[in-house]
> 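Structure below; questions to follow.
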Protein chains: 2
Amino acid sequence: MARAVQQRTLKTRARLTDAARQIIAEYGYEGLRIEEVVKRAGVAKGTFFAHFHDKDALMDILIGAEIDSYLDRIEVCSPPRTIDDLLDALLPLLEFMSCERYVFDVILRHSGAAACDAIGPIAETFARHDAVVAEWLADGPFRNDVSPDLLAQGIQAFSVQSIALNFCAINNTVPLRTRLSEYLTAWLLPDSQSAAAHSAARA
Amino acid sequence: MARAVQQRTLKTRARLTDAARQIIAEYGYEGLRIEEVVKRAGVAKGTFFAHFHDKDALMDILIGAEIDSYLDRIEVCSPPRTIDDLLDALLPLLEFMSCERYVFDVILRHSGAAACDAIGPIAETFARHDAVVAEWLADGPFRNDVSPDLLAQGIQAFSVQSIALNFCAINNTVPLRTRLSEYLTAWLLPDSQSAAAHSAARA
DNA sequence: ATTAATAATTGACCGGGGTCATTTTTTAAG
DNA sequence: CTTAAAAAATGACCCCGGTCAATTATTAAT
């Protein structure tokens with residue numbers, strides 16, 4: 001029969017994640033060293049790897065939790081009626097995702113291209129993001145010739161693309177919001193766009 | 001005055017990249033170790049880092065060259081008239097990009113989110129991809145309410161998204177081509193879409 | 001040729017992630 | 001209690017990317 005989880009286990013795990021969060025607050029995600037984590041937690045190095053498969057797994061958990069807290073705030077918004085509303089809702093999350101290059105890399109690695117057998121925390125947040133956005137888009141003022149879920153997936157694709165381009169020195173003259181706005185208008189309002197473009201061409 | 005590049009330099013560099021290509025042929029990109037590269041090239045470890053900034057820079061060059069060879073073939077295609085034509089042209093490249101998780105990770109790191117100060121080989125290929133596809137889409141049978149370049153960028157975003165999702169065990173029941181086809185139909189043919197693609201995807 | 005300046009190479013060394021045989025602690029059974 | 005099995009923790013060790021002061025090779029000028 002399987003034994004219950006020991007109190008000790010939970011305590012050690014908590015000490016490790018607490019230490020990690022503390023280090024991140026001081027040095028950023030990029031600056032985290034496992035040796036420093038175990039030192040502050042007062043355990044041996046091997047103990048860390050008994051609790052987390054590797055460094056990435058810890059990052060997955062910590063960054064996933066952070067993304068979740070942004071999604072909590074996004075979830076309670078009323079469905080956006082315009083692209084600008086949508087951007088207002090999503091941008092805080094996207095800014096966190098691009099707070100550090102390392103963070104964005106970790107997110108990319110875990111978002112869909114998850115090496116792990118089971119789905120991890122960050123991958124979960126992507127699914128949740130899809131669900132929240134798809135809910136918004138059902139019966140909204142945007143195109144409805146394709147499923148809301150497909151639209152939500154497209155929003156994710158364009159969000160990631162926008163962040164990636166903005167990390168590049170050559171492309172980051174355009175603010176994230178502006179770039180994403182252009183993508184989302186073309187994606188969510190293909191009709192109104194042509195009208196706008198046409199009238200612009202006429203003028 | 002700046003001195004000319006020594007013959008020795010070119011020779012050493014060639015020996016290093018040759019060794020690297022050989023190792024990749026045997027063990028894959030993931031299996032490449034710098035120690036093995038320098039051993040086969042018959043030079044010291046430090047020499048490698050005098051020629052390449054780091055391991056990623058070598059990968060950037062090798063993978064970038066590979067992508068370029070796919071683009072060479074893509075470039076000579078006649079502009080696609082249908083989504084299927086487009087997929088036929090692009091899929092070989094996308095399959096290379098997803099041949100190894102590690103390769104896809106390297107590509108993502110270098111595509112736009114380039115840490116490097118200057119633009120690297122892989123980032124160049126992304127720009128080239130954009131240019132080729134934008135050229136195709138100008139005056140094509142697809143939507144023309146937005147610029148061809150924006151359409152090309154969207155194709156890239158959806159390509160990356162499709163590959164990422166396909167690496168995830170949970171999502172890879174849908175073939176890459178099928179998934180991308182759905183995205184591209186919605187992106188490039190927002191009008192015709194409504195009835196056709198939706199019922200097709202369900203079937 | 002000699003020499004001074006520059007370029008290329010070397011390999012011992014370091015940092016930090018990850019492993020694993022061994023030891024210590026906890027738990028359940030007699 | 002005692003004890004045997006399971007769980008948790010330990011830290012010396014390995015792997016491998018990356019560094020750098022010292023050495024060797026090349027070039028240009030006299």
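A, B, ... follow the sequence lines: proteins, then strands. Residue 1 opens every chain.
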> Quickly work out the D56(A) CG to dG16(C) C1' distance and round it to whole Å.
14 Å
> Nearest-Å distance, OH (Y27(B)) to P (dC16(D))?
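About 12 Å, once rounded to whole Å.
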> Of G46(B) and V5(B), whose closest DNA chain C nucleotide lies nearer the 5' terminus?
V5(B)
> Could you work out which one of dG17(C), dT9(C), dA9(D) sits closest to the side chain of H51(A)?
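Nearest to the side-chain atoms of H51(A), counting from C-beta on, is dA9(D).
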> On DNA chain C, check which nucleotide each of R33(A) and H53(A) is closest to and give me the residue with the more 5' one.
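Upstream on the strand: R33(A).
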> In whole angstrom, give the distance that lies between atom CZ of R13(A) and atom P of dA7(D).
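In whole Å, dA7(D) P and R13(A) CZ are 16 Å from each other.
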> Side chain of E35(A): nearest nucleotide among dA9(D), dG16(C), dC16(D)?
dG16(C)
> Out of dA8(D), dG11(C), dG18(D), which has the shortest distance to the side chain of A44(B)?
dG11(C)
> In whole angstrom, what separates F48(A)'s CZ from dT19(C)'s P?
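Rounding to the nearest Å, CZ of F48(A) and P of dT19(C) are 11 Å apart.
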> Name the nucleic acid region contacted by L32(A), choosing base, sugar-phosphate or nothing; use a 4.0 angstrom heavy-atom cut-off, strictly under.
sugar-phosphate
> Verify the neighbour count for atom CG of D139(A): are there more than 12 heavy atoms of other residues, nucleotides or ligands below 6.0 Å?
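For D139(A), atom CG is not crowded (no more than 12 foreign heavy atoms under 6.0 Å).
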> Ignoring the backbone of R8(B), work out which of dA8(D), dG17(C), dT26(D) is nearest its side chain.
dT26(D)
> Measure CZ/F49(A) against C1'/dC14(D) and give the value in whole Å, please.
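It works out to 13 Å between those atoms.
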> Can you check the R15(B) CZ to dT9(C) P distance for me, whole Å?
9 Å
> Could you give the OH-to-P distance, from Y102(B) to dC16(D), as a whole number of Å?
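It works out to 13 Å between those atoms.
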> Taking any heavy-atom pair under 4.0 Å as a contact, classify T47(B): base, sugar-phosphate, or nothing.
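Base: the residue T47(B), judged by heavy atoms under 4.0 Å, touches a nucleobase.
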> Is there a donor-acceptor pair closer than 3.5 Å between any side-chain N or O of R179(A) and the backbone N or O of N166(A)?
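A pair under 3.5 Å: no.
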> Tell me whether E135(B) at atom CD has more than 12 heavy atoms from other residues, nucleotides or ligands lying less than 6.0 Å away.
no
> For a quick test of reading the model: is some side-chain N or O of T12(A) closer than 4.0 Å to OP1 or OP2 of dA8(D)?
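For dA8(D), neither OP1 nor OP2 has a side-chain N or O of T12(A) closer than 4.0 Å.
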> Where the side chain of K55(B) is defined as all heavy atoms beyond and including C-beta, which of dG17(C), dG18(D), dA9(D) is the nearest nucleotide?
dG18(D)
> Between dG15(C) atom P and D54(B) atom CG, what is the distance in whole Å?
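Interatomic distance, CG of D54(B) to P of dG15(C): 19 Å.
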> Which is true for K45(A) with a 4.0 Å heavy-atom rule: it touches a base, it touches only sugar-phosphate, or it touches nothing?
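Base, at least one base heavy atom under 4.0 Å.
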> Which nucleotide in the list dA7(D), dG18(C), dC16(D) gets nearest to the side chain of Q6(A)?
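My answer, after comparing the listed nucleotides, is dA7(D).
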> Could you check whether atom CD of E26(A) has more than 12 heavy atoms from other residues, nucleotides or ligands sitting under 6.0 Å from it?
yes
> Among M59(A), K55(A), E100(A), E30(A), which residue satisfies the side-chain contact (heavy atoms from CB on, under 4.5 Å) criterion with V106(A)?
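Checked M59(A), K55(A), E100(A), E30(A) against V106(A); only one passes side-chain contact (heavy atoms from CB on, under 4.5 Å): M59(A).
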